[in-house]
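What follows is a short report on a single structure.
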Amino acid sequence: MPITADHFRWSTPREVSGDYSDAKPFRVTRLSLSCHSFTHVDSRAHMLPDGRTIDQTDLSDVAGTAFVANLRDVTPNEALDARRIDAALEGYGSEGIILLSTAWDTQRSWKSPAYWRDSPYITRDGAEALARHSPRAVAFDFPQDYTIRQSLDGIVPPIGEHVTHDVLLRRGVTLIEYLVGTAALEGPRTFLCAIPIKVEGADGAPARVVAFEGRQFTGATAEHLVTASPSS
């Protein structure tokens, strides 16, 4: 998702200075936004007091071969339970990242409240089904917890009702959230790069997420792109 200034859910005040004159030669934009707005990555610290922060998140959590679970026949407000998730993961191997592709942005605009209020969502047993495969990360292209829509009305349910966070993040699975454009992926495998901004000590960060398709990328790992450690 592009970071916009006027999204109804995510306020992103911006200030632009500079007019290309000799006195102010450079245009400079300053943003104020949550680390959990638009397309972003959740680190363990989002849920766990002693969890890794985003700058400590291992590169293999956010870059590597992803299995594209095709859920593009979803209907509004559909509960994605264990049966549905297991069926979509047929053929899954040991890929570090599972990408749940509902192409939800083709049914509802991500700029509208309907994107949240009508979204499919993961049930607790659906989250448990994902966890059983022990991925390093799960990526979503829809608001994956039913509770997320409730936040639009100022409702904050108990932590256990935020099922993907409670089940997956609590078990050390990184969450990659609010992807768009996944309908373009042929699958069933792609090389996914979801590299978050390295904000020291933060519990998440905006990310530019891209996918590389082609035989040469299948089976690649983060080490094929970088050799630096997460702390470097």
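Quick note: numbers below take in every heavy atom, side chains included, and nothing from hydrogens, waters or symmetry partners. Remember, it's a predicted structure, so these values are computed and weren't measured experimentally.
The distance between the ring centers of W116 and F142 does not fall below 6.0 angstrom. Outside the 6.0 Å centre-distance limit, the rings of W10 and W110 are not counted as a close aromatic pair.
Not one N or O on the side chain of T190 forms a donor-acceptor pair closer than 3.5 Å with the backbone of G187. Between the side chain of T39 and the backbone N or O of Y178 there is at least one donor-acceptor pair closer than 3.5 Å. R117 places no side-chain N or O within 3.5 Å of a backbone atom of Q150 that could act as its donor or acceptor partner. When atom types are taken as modelled, the side chain of T123 and the backbone of G126 share a donor-acceptor pair closer than 3.5 angstrom. With E161 contributing its side chain and T147 its backbone, the two residues share no donor-acceptor pair below 3.5 Å. The backbone N or O of S60 lies less than 3.5 Å from a partner atom in the side chain of D58, making a donor-acceptor pair. When atom types are taken as modelled, the side chain of R149 and the backbone of S119 share a donor-acceptor pair closer than 3.5 angstrom. Within the 3.5 Å criterion, the main-chain N or O of D105 finds no donor-acceptor partner in the side chain of Q107.
Defined by atom type and a distance below 3.5 Å, a donor-acceptor pair is missing between the side-chain atoms of Q144 and H162. For the 3.5 Å distance criterion, the side chains of S101 and N70 fail to qualify, holding no donor opposite an acceptor. A donor atom on one side chain and an acceptor atom on the other are found under 3.5 Å apart for R44 and T174. In the model, D141 has a side-chain atom that pairs as donor or acceptor with a side-chain atom of T182 under 3.5 Å.
Between H36 and H46, the ring planes lie parallel to each other; the angle is under 30°, not in the 30° to 60° tilted range. The aromatic rings of Y92 and H133 stand perpendicular to each other, their planes meeting at an angle above 60°, with 30° marking the opposite boundary.
A salt bridge is absent between D125 and R83; no separation between the charged side-chain nitrogens and carboxylate oxygens falls under 4.0 Å. Between R52 and D203, no side-chain nitrogen of the basic residue sits less than 4.0 Å from a carboxylate oxygen of the acidic one, so the salt-bridge criterion is not met. Salt-bridge annotation for D73 and R84: present, with a side-chain N of the basic residue lying under 4.0 Å from a carboxylate O of the acidic one. Between R171 and E128 a salt bridge is recorded (basic side-chain N to carboxylate O distance below 4.0 Å). By the 4.0 Å N-to-carboxylate-O rule, K198 lies too far from D55 to be salt-bridged with it. R136 has a carboxylate O that lies under 4.0 Å from a charged side-chain N of D61, or vice versa, which qualifies the two as a salt bridge.
In terms of heavy atoms, R72 sits closest to A103 at CG-CB, 4.0 Å. Of all heavy-atom pairs spanning V173 and A137, the tightest one is CG1-CA, 3.7 Å. Across all non-hydrogen atoms, the minimal contact from C35 to A202 is SG-CB, 4.3 Å. Nearest approach of P120 to L80, heavy atoms of both residues: CB-CD1, 4.2 Å. Considering all non-hydrogen atoms of both residues, A114 and W104 come closest at O-CZ2, 4.2 Å. Residues V167 and R124 share a closest heavy-atom pair of CG2-NH1, 3.3 Å.
Counting non-hydrogen atoms of neighbouring residues, nucleotides and ligands closer than 6.0 angstrom, the CZ atom of F26 reaches no more than 12 such neighbours.
L99 is not connected to V180 by any chain of hydrophobic side-chain contacts under 4.5 Å among Ile, Leu, Val, Met, Phe, Trp and Tyr, and they are in different clusters. In terms of hydrophobic clustering, with Ile, Leu, Val, Met, Phe, Trp and Tyr side chains grouped at heavy-atom distances under 4.5 Å, L48 and V138 are assigned to a common cluster. No chain of hydrophobic side-chain contacts below 4.5 Å, direct or via other Ile, Leu, Val, Met, Phe, Trp or Tyr residues, connects V41 to F38. Under the 4.5 Å side-chain contact rule for hydrophobic residues, L130 and I148 share a cluster. Hydrophobic clustering keeps I159 apart from V163 (ILVMFWY residues linked when any side-chain heavy atoms are closer than 4.5 Å, directly or through intermediates).
For the pair R132 and D86, the minimum side-chain heavy-atom distance is below 4.5 Å. Within the 4.5 Å cutoff, the side chain of I122 has heavy atoms near those of the L100 side chain. Looking at F140 and L175, their side chains come closer than 4.5 Å, going by heavy atoms from C-beta outward.
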- Message: For D19 and K24: C-alpha separation, side-chain torsions, deciding distance, then whether salt bridge (Lys or Arg N to Asp or Glu O under 4.0 Å) applies.
- Response: CA-CA 6 Å; D19 58 9; K24 298 179 179 180; 5.9 Å; no
